[in-house]
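Step one of this worksheet: look at the structure below.
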Amino acid sequence: MSSNDSKFDAVIFDLDGVITDTARYHYLAWKRLAETQGVHFDEAFNEHLKGIDRMGSLELILASARRSYAQEEKLALADEKNKHYVELISTMSPADLLPGAVQALDACRAAGLKIGLASVSKNAFAVLAMLGITRKFDYVVDAARIAKGKPDPEIFLKAASELGVSPSRCLGVEDAVAGVASIKAAGMTALGVGDPAVLTQADRVIPGLDTFSLDFSPDPGPAE
């Protein structure tokens, strides 16, 4: 299909949980840090961090700590977590791409659509390089230059602006509640990847990019 056949001019993807899954590495790094601070950290706690940036995640963890932290301490802890995370992801390769990821990116390119990445991960550039897909994106938002994390729309609006596309002509692809909220707040159409019962704000939800299609229409809703 050509871009003239689509209601979109650009597709903006999240990274973690959509194109690749570094969630396990984040979990292990946060768990180690939390436990050094005497905070119990499990899979349920980890779910609350999904889609939240590094400092936001740290604030949630430290809220359960027994003492308060100076900003310098918080920055040091965030850096400690990131160093461990970078060690964990250093072995990533194209084999870590989720099913359908490359095909989805190629389908967007074949349709003449611009492709952006809006990830709050400050390691996004490194991860893309290890996955071997950097050149498939027209623009990758530098999370270090974003003042407000998701669910604020800033990161998706930045991607649209740099791609030269109106937000209303963008399809955002996300697996997290905060990410979907960010897309909707930006005035874009939201495609959720995951569970429809969780991603309730999304215009449509698919289980994974292996079912990605540009023949997009909002879900009619559950049958009565």
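Counting from 1, the numbers follow the sequence of the chain as shown.
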Item to check | Met130 reachable from Ile19 in the ILVMFWY side-chain graph, under 4.5 Å edges | outcome: yes
Next on the checklist: Side chains of Cys108 and Phe13, heavy atoms from C-beta outward: is any pair under 4.5 Å?
Outcome noted: yes
Next on the checklist: Determine whether Phe8 and Cys170 satisfy the following criterion, side chain to side chain contact (heavy atoms under 4.5 Å, CB included), listing intermediate values before the conclusion.
Outcome noted: CA-CA 5 Å; Phe8 307 113; Cys170 292; 5.9 Å; no
Item to check | Hydrophobic cluster identity match, Tyr139 and Val127, side-chain contacts under 4.5 Å | outcome: no
Item to check | pair Lys150-Asp14: side-chain heavy atoms closer than 4.5 Å | outcome: yes
Next on the checklist: Would a single hydrophobic cluster contain both Leu209 and Met188, if residues Ile, Leu, Val, Met, Phe, Trp and Tyr are joined by side-chain heavy-atom contacts under 4.5 Å?
Outcome noted: no
Next on the checklist: Looking at every non-hydrogen atom in both residues, tell me the closest pair between Leu88 and Ala29 and how far apart they are.
Outcome noted: CD1-N, 4.2 Å
Checklist entry - Do you know which two heavy atoms are closest between Ala78 and Arg54, and how far apart they sit? => result O-CD, 3.7 Å
Next on the checklist: Checking Glu59 now: which residues fulfil side chain to side chain donor-acceptor pair (under 3.5 Å) with it, not counting sequence neighbours?
Outcome noted: Lys74
Checklist entry - Going by heavy atoms in the side chains, are Val86 and Asn123 under 4.5 Å from each other? => result yes
Could you pull out every donor-acceptor pair under 3.5 Å between side chains of residues 175-185 and any protein atom, sequence neighbours left out?
from, atom 1, to, atom 2, distance (Å)
Ser182, OG, Asp152, O, 2.8
Lys184, NZ, Asp203, OD1, 3.1
Lys184, NZ, Asp203, OD2, 2.9

Item to check | ILVMFWY network linking Leu157 to Val120, side-chain heavy atoms under 4.5 angstrom | outcome: no
Next on the checklist: Is it true that Asp16 and Thr22 share a donor-acceptor pair across their side chains at a distance under 3.5 Å?
Outcome noted: yes
Item to check | Evaluation steps, salt bridge (charged side-chain N to carboxylate O under 4.0 Å, His left out), between Glu87 and Lys83 | outcome: CA-CA 6 Å; Glu87 290 173 4; Lys83 286 179 179 177; over 6 Å; no
Next on the checklist: Looking at every heavy atom in both Leu117 and Ala124, which two are closest together, and how far apart are they?
Outcome noted: CD2-CB, 4.1 Å
Checklist entry - How close do Ser93 and Leu131 get, heavy atom to heavy atom, and via which atoms? => result O-CD2, 3.3 Å
Checklist outcome for this item: d(Asn46 CG, Arg24 CZ) to nearest 0.5 Å is 9.0 Å
Next on the checklist: Applying side chain to side chain contact (heavy atoms under 4.5 Å, CB included) to Leu199 and Asp195, what does each step give before you reach the verdict?
Outcome noted: CA-CA 6 Å; Leu199 304 175; Asp195 185 351; 5.8 Å; no
Item to check | Minimum side-chain heavy-atom gap Tyr25-Met92 below 4.5 Å | outcome: yes
Checklist entry - Do Ser166 and Ser168 have side-chain atoms, one donor and one acceptor, less than 3.5 Å apart? => result yes
Checklist entry - CG/Leu191 to CG/Leu214 distance, rounded to the nearest 0.5 angstrom? => result 9.5 Å
Checklist entry - Between His40 and Asp42, is any side-chain donor less than 3.5 angstrom from a side-chain acceptor? => result yes
Item to check | Ionic contact status for Asp142 with Lys122, cut-off 4.0 Å | outcome: no
Next on the checklist: Any heavy-atom pair between the side chains of Ile146 and Lys158 that's under 4.5 Å?
Outcome noted: yes
Item to check | Matching residue for Tyr85 among His26, Glu80, Arg32 - test: side-chain hydrogen bond (donor to acceptor under 3.5 Å, both in side chains) | outcome: His26
Checklist entry - Do side-chain atoms of Glu162 reach the backbone of Ala159 as a donor and acceptor pair under 3.5 angstrom? => result no
Next on the checklist: Is there a side-chain contact between Leu77 and Leu58 in this structure, where contact means two heavy atoms from C-beta onward sitting under 4.5 Å apart?
Outcome noted: yes
Checklist entry - Under the 3.5 angstrom rule, does the side chain of Glu154 hit a backbone N or O of Ala147 as a donor-acceptor pair? => result yes
Checklist outcome for this item: Nearest heavy-atom contact between Leu163 and Lys114 is O-NZ, 2.7 Å
Checklist outcome for this item: Interatomic distance, NZ@Lys81 vs CG@Asp79, rounded to 0.5 Å, equals 11.0 Å
Checklist entry - Are Tyr69 and Arg67 close enough that some pair of their side-chain heavy atoms sits under 4.5 Å apart? => result yes
Checklist entry - side chain to side chain contact (heavy atoms under 4.5 Å, CB included) between Thr189 and Lys7: does it pass, once the steps are laid out? => result CA-CA 10 Å; Thr189 300; Lys7 63 182 288 188; 4.2 Å; yes
Checklist entry - Within 45° of the six-membered ring axis of Phe137 and under 6.0 Å from that ring's centre, is NZ or CZ of Arg135 located there? => result no
Checklist entry - Is there a side chain to side chain contact (heavy atoms under 4.5 Å, CB included) between Val205 and Val193 once you walk through the steps? => result CA-CA 6 Å; Val205 180; Val193 177; over 6 Å; no
Next on the checklist: Quick one, Asp138 with Arg109, criterion salt bridge (charged side-chain N to carboxylate O under 4.0 Å, His left out). Give me CA distance, side-chain angles, the key distance, then yes/no.
Outcome noted: CA-CA 10 Å; Asp138 296 300; Arg109 180 69 66 213; 3.1 Å; yes
Checklist entry - What is the minimum heavy-atom distance between Pro167 and Ala186, and which atoms define it? => result CB-O, 3.2 Å
Item to check | Same cluster (ILVMFWY, side-chain, under 4.5 Å), Val11 and Val141 | outcome: no
Item to check | 4.5 Å side-chain heavy-atom contact, Tyr27 and Phe41 | outcome: yes
Next on the checklist: With rounding to the nearest 0.5 angstrom, report the CG to OG1 distance, Asp96 to Thr20.
Outcome noted: 5.0 Å
